[in-house]
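Small disclaimer: the values here were computed from a predicted structure and weren't measured. Chain letters run A, B, ... following the sequence lines, proteins first, then strands; residues in each count from 1.
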Amino acid sequence: MKPCPEEIVQYMHDYLDGEITRRDEQILKEHLEKCPACQEHMDQLSRSVAFLKSASHIEAPEGFSNRVMASLPKERQSAGVRRWFGRHPMLAAAAMFMLLAGLALFSNFNTSDQQLAVSTQPNLVVEGNKVTVPEGETVKGDLVVRNGELHIEGEVEGDVTVINGSKYMASTAVVTGRIEEIDRAFEWLWYTIKSGVKEGLSVFEGPDAGDEEE
Amino acid sequence: MEDIVKKRIKQVLKGDQSAFEEIVSLYQNRLYQVCYRMLGNRHEAEDIAQEAFIRAYINLHTFDQKRKFSTWLYRIATNLCIDRIRKKKPDTFLDAPVPGTDGLDHYSSLAHDSPLPEEEVEKMEQQERVQYEISRLPDKYRSAIVLRYIEELPLQEISDILELPLGTVKTRIHRGREALRKQMKKL
């Protein structure tokens with residue numbers, strides 16, 4: 001018996017895929033009619049397919065979708081936050097501003113915690129953490145000392161503020177402005193807000209007012 | 001149906017988890033069926049189908065909404081099934097054939113343990129045979145055959161699900177049919 005053409009089995013599969021050309025189908029049919037072995041092969045393939053298709057339809061078990069829903073990860077909190085932001089853009093912006101402002105103040109307070117800091121004025125004498133306004137000298141403008149001792153023997157034409165430190169006034173001392181001592185975070189915060197508001201107001205008063213203060 | 005699904009997907013993406021329930025209801029039978037036919041075990045099928053939906057939920061933002069959702073979902077499920085089959089291979093105590101049951105393993109006996117009327121048993125035996133023959137197919141061919149003949153999907157969609165060229169899918173189905181033919185010569 002002469003061997004069957006190789007492409008016959010390929011034609012069988014093309015036929016089963018529903019993708020056989022007219023011409024190839026004709027060749028397949030003619031071959032199957034005269035070749036019992038290939039006819040048997042084709043029958044077995046068709047039976048296998050029919051057998052597979054006889055598989056009954058299977059449905060998901062009862063309560064399946066409930067179990068899926070119950071095991072989904074909880075709605076992420078960030079989703080909730082995002083939704084809230086979406087609904088209240090102004091409040092969200094305000095909250096964000098407060099948060100950032102608070103952070104800025106706090107970090108400011110912390111970083112300046114350790115070191116001596118003095119507002120730069122001429123004719124101040126700084127030794128270690130002791131700041132002196134020498135007798136007979138006049139300091140023009142506001143004076144701020146942070147983390148240090150302030151000794152006033154001369155004259156200050158402006159406000160004096162001491163943060164986290166102490167102040168000694170000699171009998172010769174003259175301060176034309178207000179004197180304030182601050183030594184806790186809360187007060188520092190309060191002071192910053194107060195001066196912030198003052199600065200804010202001075203902006204409204206116009207540039208002239210600001211110049212006068214210098 | 002795809003329109004409803006796309007609407008629900010958008011709702012889920014906006015944070016409405018409950019909109020996902022309708023998606024599950026629409027696809028649960030199809031997904032469970034694929035998993036069952038691939039794995040041959042009801043408990044595992046439920047496990048994997050459930051996992052597929054959870055993964056779909058978590059990764060929903062990565063789904064390209066211009067594409068067909070069912071294709072994406074089938075892909076997640078078939079990949080999970082193939083992983084499971086590969087992991088399962090080394091441990092054989094549940095997969096070992098039960099003596100005198102014509103090749104049925106402990107899994108299939110776990111699946112049907114309640115007594116049934118005789119005509120049900122007769123029907124079941126043929127169904128069991130179907131499942132048994134599918135489970136004997138190499139997993140490469142099994143996924144293509146299940147999608148083609150159980151889910152009755154077009155070749156192009158199978159190629160999209162399995163992320164294989166159309167020609168490769170055809171070859172796998174052809175080889176799957178040949179393997180099945182050889183398995184069932186005695187039928």
[X] side chain to [Y] backbone, donor-acceptor under 3.5 Å:
X: Gln127(B); Y: Ser54(A); answer: yes
X: Gln17(B); Y: Pro73(A); answer: yes
X: Arg177(B); Y: His13(A); answer: yes

Checking heavy atoms, do the side chain of [X], its backbone, both or neither come under 4.5 Å from chain A?
X: Leu180(B); answer: both
X: Leu31(B); answer: neither
X: Glu51(B); answer: neither
X: Ile23(B); answer: neither

What heavy-atom pair brings [X] and [Y] nearest, and what distance separates the two atoms?
X: Asn66(A); Y: Glu21(B); result: OD1-OE2, 3.4 Å
X: Arg37(B); Y: Ser56(A); result: NH2-O, 3.1 Å
X: Lys53(A); Y: Tyr149(B); result: CE-CD2, 3.7 Å
X: Ala55(A); Y: Val130(B); result: CB-CG1, 3.6 Å
X: Gln50(B); Y: Phe64(A); result: N-CZ, 3.7 Å

Look up atom [atom1] in [X] and atom [atom2] in [Y], then write down how far apart they are to the nearest 0.5 Å.
X: Ser65(A); Y: Phe53(B); atom1: OG; atom2: CZ; result: 9.0 Å
X: Leu16(A); Y: His174(B); atom1: CG; atom2: NE2; result: 8.0 Å
X: Arg30(B); Y: His57(A); atom1: CZ; atom2: NE2; result: 9.0 Å
X: Ser48(A); Y: Arg181(B); atom1: OG; atom2: CZ; result: 8.0 Å
X: Tyr36(B); Y: Ile58(A); atom1: OH; atom2: CD1; result: 5.0 Å
X: Glu152(B); Y: Leu52(A); atom1: CD; atom2: CG; result: 10.5 Å

Q.
Tell me which of these, Cys35(B), Ser25(B), Ala49(B), has more heavy-atom pairs under 4.5 Å with chain A than the rest.
A. Ala49(B)
Q) Is it true that Arg67(A) and Glu46(B) make a salt bridge, defined as a side-chain N closer than 4.0 Å to a carboxylate O? A) yes
**Q.** Note, Leu155(B) side chain near Glu19(A) side chain (heavy atom, < 4.5 Å)
**A.** yes
Taking [atom1] in [X] as the centre, count heavy atoms belonging to other residues, nucleotides or ligands within less than 6.0 Å. Is the count above 12?
X: Arg136(B); atom1: CZ; result: yes
X: Tyr15(A); atom1: OH; result: no
X: Lys6(B); atom1: NZ; result: yes
X: Glu2(B); atom1: CD; result: yes

**Q.** Part of Glu40(A) lying under 4.5 Å from any heavy atom of chain B
**A.** neither
Q | side chain to side chain contact (heavy atoms under 4.5 Å, CB included) between Asp14(A) and Lys170(B), worked out | A | CA-CA 9 Å; Asp14(A) 289 347; Lys170(B) 280 186 194 169; 5.9 Å; no
